[in-house]
Amino acid sequence: MNKKEFLKSSDLRVQTLELWLEQQWLIPEQTSKGIRFTDIDIARARLIHELKNDFGANDEGVDVILHLMDQLHELRRALAQLREDIKGRSF
Amino acid sequence: MRNPYEVLGVAATASAAEIQSAYRKLAKKLHPDLNPGDKAAEEKFKEVAGAYDLLSDAEKRKRFDSGEIDASGAERPQHNFYRDYASSDQGHPYADTSGFADFMDTDDAFAELLRRGQRARANRRGQDMHYRLPIDFVESITGANKRLTLPDGSTLDVKIPPGLVDGQTLRLKGKGAPGAGKGGAGDALIEVEVLPDRRFTRDGDDISLEVPISLTEAVLGGRIRVATPTGDVTVTVPKGANTGTTLRLKGKGAPRRGGGHGDELVKLKVVLPKSDPELDAFVMNWSKGKEFNPREDRI
C-alpha cells in the first residue's frame, strides 16, 4: 500500500509517520514507484503506538526496545532454523 | 468476561494512575510482542487490554460503575501482532542479526547456518503479481500478442499461445515485483479470460458453430462460405442436408496438446424464406399423395 493508504489503516498522523520514518522505526520497502508499506509495517506501527501510549515509553525507550526486540526475533528465528536442521540427530 | 477491576487486580476505588500502573505492569509481562515465545499469554493480554480500555476511559468507567454497561464487548478487536510477522521465515527489513554477529565470525556449523539465513534474506525473490486479461475467442484459438496495462500505468506484452482455454494462467518469468539483492524479480501470473463468442463455442479441441442454409441449399446441396477462426472457407453442403446435419472441417479447431488440431463442427440449420405464395402452392401440390411423418417414431 502507499503512504496515504498506510496512514489510513494505521491511524497515524502524517507528521508522526515522518518522524518515525526519520528515526527508522519504520522501514517501508523502496520501489521504483515510491515507498510501499505492508502488513508488517502496520503491526509494527501499532506496537510502537502501544509502547508510547500504553507503556509510557519515551522516544529513547522505544528506540532501545525496538532494537532489542529485532535482535530477539532474529535469534528466535535462527534458533528455530537450528532446531529444524538438527532434528532427528542424537548427541 | 471477568470483572475488569479483578482482571487488573485493582480496587474499585483505584485512581486513574493506579489503573494505568497496574495495566502497564501486567502488559509488560503479557504483551505478545514483548513475549514472542509465550503463546498462552496472548489470551490473558487480550483480557487485560479489554479491561484497561474500559477503565481508562473515564466516561466508560462511570457507566460501568453505575451498571449502565457490563464488561462484555470490552475486548479489543482481533488483530495480528507484530511477532506474527517478525517470526515468519519471510525476510523483512527489521531483521537484526547483530545479536549474534560474534557467532557468525567463527567457522563452525552454527555460524554457517546463521550466515545461510542471512544470505537468503538479503537475496529475497520479488513477489509474484497476479493479473487478469480478457481476450476474444478467436485469439484464444489462433494465439495473439496482447498488451496489458498495469495499475501503475506501465505495460506488459503478453504472448497468447494458440489453443489457450478460459481460466488458464500464463507465467511471465521475472515480470513480477523486483527482489532484493541477487534474489531476482518475481513472476507475473496472468489469468486469461476467454470472452464468449457470438458464433463459436468450444468443446475440448473441437469448436462448433451453427450455419443457416436455405431450402434450396438443403434440398439440392451447394457450396457455402463458412467462418473459421483462421478465416472463411468454402464448404460443400450435401444434397438433402437437414437441420442438425453436422459437417466436420478437419483441423480447423483448436491446436491439440500433442500436435495437430481439433476439428470445426458446422451444424446446419435450414431456414425457410418468409411467407411465399408460390412456395405454398408448390408444396401443396408436391405433397399430394405422399406419406411422410417425421414424428412417426415418437408415439
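Keep in mind that the numbers below use all heavy atoms, side chains included, and drop hydrogens, waters and symmetry copies. Convention: sequence-line order gives letters A, B, ...; per-chain numbering from 1.
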Ion pair check, B/R147 and B/D157, cut-off under 4.0 Å: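 Yes, this pair counts.
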Salt-bridge contact A/E18-A/R13 (side-chain N to carboxylate O under 4.0 Å):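 Looking at A/R13 together with A/E18, the answer is no, because their closest N to O distance does not fall below 4.0 Å.
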Pick from A/I42, A/L47, A/T38 with the largest number of heavy-atom pairs that fall under 4.5 Å of chain B: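 Ranked by contacts with chain B, first place is A/L47.
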Over 12 foreign heavy atoms within 6.0 Å of CG, A/D11: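 Atom CG in A/D11 is not packed in, count stays at 12 or less.
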Nearest heavy atoms of B/D197 and B/F137, plus distance in Å: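 Distance-wise, the nearest heavy atoms are CB-CB, 3.5 Å.
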Contacting moiety of [X], where chain B heavy atoms sit under 4.5 Å:
| X | answer |
| --- | --- |
| A/R44 | both |
| A/L26 | both |
| A/L66 | neither |

